[in-house]
Novice: 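Next up is a structure, given as structure tokens.
Here is the naming used below: chain letters follow the sequence lines, and residue numbers restart at 1 for every chain.
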Number of protein chains: 2
Amino acid sequence: MQAIDLIRRKRDGGALDREQIEYFVRTVTDGTMPDYQASALLMAIVLRGMTTEETAWLTDAMVRSGVRVEYPDVTGVPVDKHSTGGVGDKTSLILAPLAVACGAVVPMMSGRGLGHTGGTLDKLEAIPGFRTALSLDELRAAIRSIGCALIGQTAEIAPADKRLYALRDVTGTVESIPLISASIMSKKIAEGIGGLILDVKTGSGAFMKTIEDSRALARSLVSIGTAAGIRTEALITPMDAPLGTMVGNAVEVLESIHVLRGDGPEDTRDLSVALAARMLVAAGISASAEAAEQSVRAALGSGAALEVFRRIIENQGGDPRVVDDDRALPIAPREHPVPAWRDGYVNLLAARIGDAAVSLGAGRARLEDVIDHSVGIEIIARQATEVRAGDTVLLVRYRSDEQLARSAFLLEQAVEITETPPLTRPIILERIIND
Amino acid sequence: MQAIDLIRRKRDGGALDREQIEYFVRTVTDGTMPDYQASALLMAIVLRGMTTEETAWLTDAMVRSGVRVEYPDVTGVPVDKHSTGGVGDKTSLILAPLAVACGAVVPMMSGRGLGHTGGTLDKLEAIPGFRTALSLDELRAAIRSIGCALIGQTAEIAPADKRLYALRDVTGTVESIPLISASIMSKKIAEGIGGLILDVKTGSGAFMKTIEDSRALARSLVSIGTAAGIRTEALITPMDAPLGTMVGNAVEVLESIHVLRGDGPEDTRDLSVALAARMLVAAGISASAEAAEQSVRAALGSGAALEVFRRIIENQGGDPRVVDDDRALPIAPREHPVPAWRDGYVNLLAARIGDAAVSLGAGRARLEDVIDHSVGIEIIARQATEVRAGDTVLLVRYRSDEQLARSAFLLEQAVEITETPPLTRPIILERIIND
């Protein structure tokens, strides 16, 4: 088999067969396919697409490029959740302890933020001492002892994805539903889970802007998961304004803890409860979504979920005082209000708030950028609130004048004041299961 | 400027601006753009296309990646011809001396054969001692002294094309009219010519199979040449059966010499005369195509063209006896007839005859293959001839049983015997000039 034949076939709109896809993944992983051939093939895939079958084979080959973790001591079905990324989306931090408090086992591998959406690992690392770089042995030990670990992708998990993603990132070949699906699902399948709830964001602040694109991505992800024997479903949820009231790292941990205390903003709580409930159903713990929601709300009300989060933090070397004392989180001391410039209704533009947070230092424009976990943006006037000129809409938490100056221009564009209230959408738009 | 921005723009169907195209060519040539980015961009160009303007800018940037040759001592307009490649197409060897015998100046840079079509350099090198690797100084000296040189591309000519072609060859990105056009025309423009006649082949044995594709390529080539200030026109000519009666290297030199002696097959002669006449008009030597054809036929009849060929061969170190003595050419001694298997009409499939010649050793399947200049295929029964079962259709000239065995399978497929004569097309189908 020769790389050039695969490239020509895909270039001309043909489908690759299983053997060709395995050849591609194997030779990309071991480095015998030169990068220039891999990138030409990736561009042909971006522009010509892949069938459902090709995407499933690609995912499977990527899983088998590394280890598929097993948990021999665990009874029950390990479950996880994945979000395609939104601004202020801290639900992973909430629903992992929530699901575990209700009896689930959650081996959660997350990523770092890039661009205007944050990453779960970055948020967790805002907790003093918290280690996300656990080995597979440490992961298995954590699952045995407390039923949960919140960690980064290890080197053994889908190494093909690491190589492919690095190449896609510099060759303009990220934007492809089959490639995105295979990248997400190969890592999730390799984690060793039996159930997966996907939160596919849609809207101006999401990777997928339209409901049609989001639906296509959701269907692709669900079909791959199902083909791999995982109980998979996707919720399509809006990402027009940020989720909740905090955007950043330490500030998002703070909001998560507030929700785990039974408090916090309603939208963050409701979405976390809905996702955690779906995880319980997928894990076979609850018989219905309604029963699951009852358990989940009880775990919030009783403080049981907060206790699980405390154990997770302790187990991964973090300072557990953060769950009791808001001041234990390193939140930047200085505050700068962004006021409404006229009377009207608040329209928060998620992508621009995300960009402003990145320029402030809370996220990365490039992979090598260093994050300041302490900075962030607090939303004082929520989406569609009526305000008067001069009312504070956003409160920026920052450390240096330079940070504030760098983000000033984007902050100004992040809030619109409209004459009529912007339309808001329900927190869950659609549920996608395998047809 | 960043490579990724160019890639994304082209991937999304946009047009690159002049500065972006110059950046691409400059960084590909100096090696600062990694191959994996260049190949992703090339694949996006293959699948998204390029506007006429983008193609002209690309060509211009490729020309300026090297030297544009000048001939300060030459009065008149240097002219050249380029063929997109056909089986048995030896017209360059004939019309260069023919046009020079009529007063033209012809600095002809040619390429080597790859795949089923032959290359002028390979054919010339069948002449014992003939050197095609002349320096630019030697080229200019030859133009001064005899008005012609038949050489390969020097390192100073469009080095961007060399790098791009090497990458396109291994990344499935050869098949693109804008990229093909820029590759051909950058080399021709850099040669320093003021007139150019293009022979765009069409049909099953050509790179472009349909008249529509051939027309699109011809238009693209003519528009680039015109934009570069070169009097450019294209003839679209059929390539269904091979041109003439010889396919190979030494055997094609033999046929060329026969035509220069005023003999040889009619189709080869007529096409050479037509192309040479168009060159004389483009050079401003003849006022009309009719007058030009008269001069050209006179130069054939008088032996003047043959004398020019002798001088070219002498000037480039070749054995000039080949023009007088057919036995001075190294033609393989053994002959193998391929007979008609039934009564009917001969249909010669150019591409398969070309492939058979390659497998015999007359051409290259890969760039690194070594050619046997002495082997070839002689067509005994021309296209559409009526034959009886057992009549010889092809005569294979070979040296070793191994060569013959290697090509036997393809030779068998190269000739069809049909019940009705295959349709033949006129030697010139269309003439394309700039609109």
Novice: For A:Leu167, which atoms come within 4.5 Å of any heavy atom of chain B: side chain, backbone, both, or neither?
Specialist: side chain
Novice: Can you tell if the side chain of A:Leu121 reaches within under 4.5 Å of the side chain of A:Gln153, non-hydrogen atoms only?
Specialist: no
Novice: Quick one: do B:Arg9 and B:Asp5 satisfy salt bridge (charged side-chain N to carboxylate O under 4.0 Å, His left out)? Show the steps, please.
Specialist: CA-CA 6 Å; B:Arg9 187 171 183 85; B:Asp5 300 323; over 6 Å; no
Novice: Going by distance alone, is a donor N or O of one side chain under 3.5 Å from an acceptor N or O of the other, for A:Thr171 and A:Ser39?
Specialist: no
Novice: With only heavy atoms counted, which part of B:Val46 is less than 4.5 Å from chain A, the side chain, the backbone, both or neither?
Specialist: side chain
Novice: How about B:Leu42 and B:Phe24: do any of their side-chain heavy atoms sit closer than 4.5 Å?
Specialist: yes
Novice: Name the member of A:Asp169, A:Leu47, A:Val174 that forms the most heavy-atom pairs with chain B at distances under 4.5 Å.
Specialist: A:Leu47
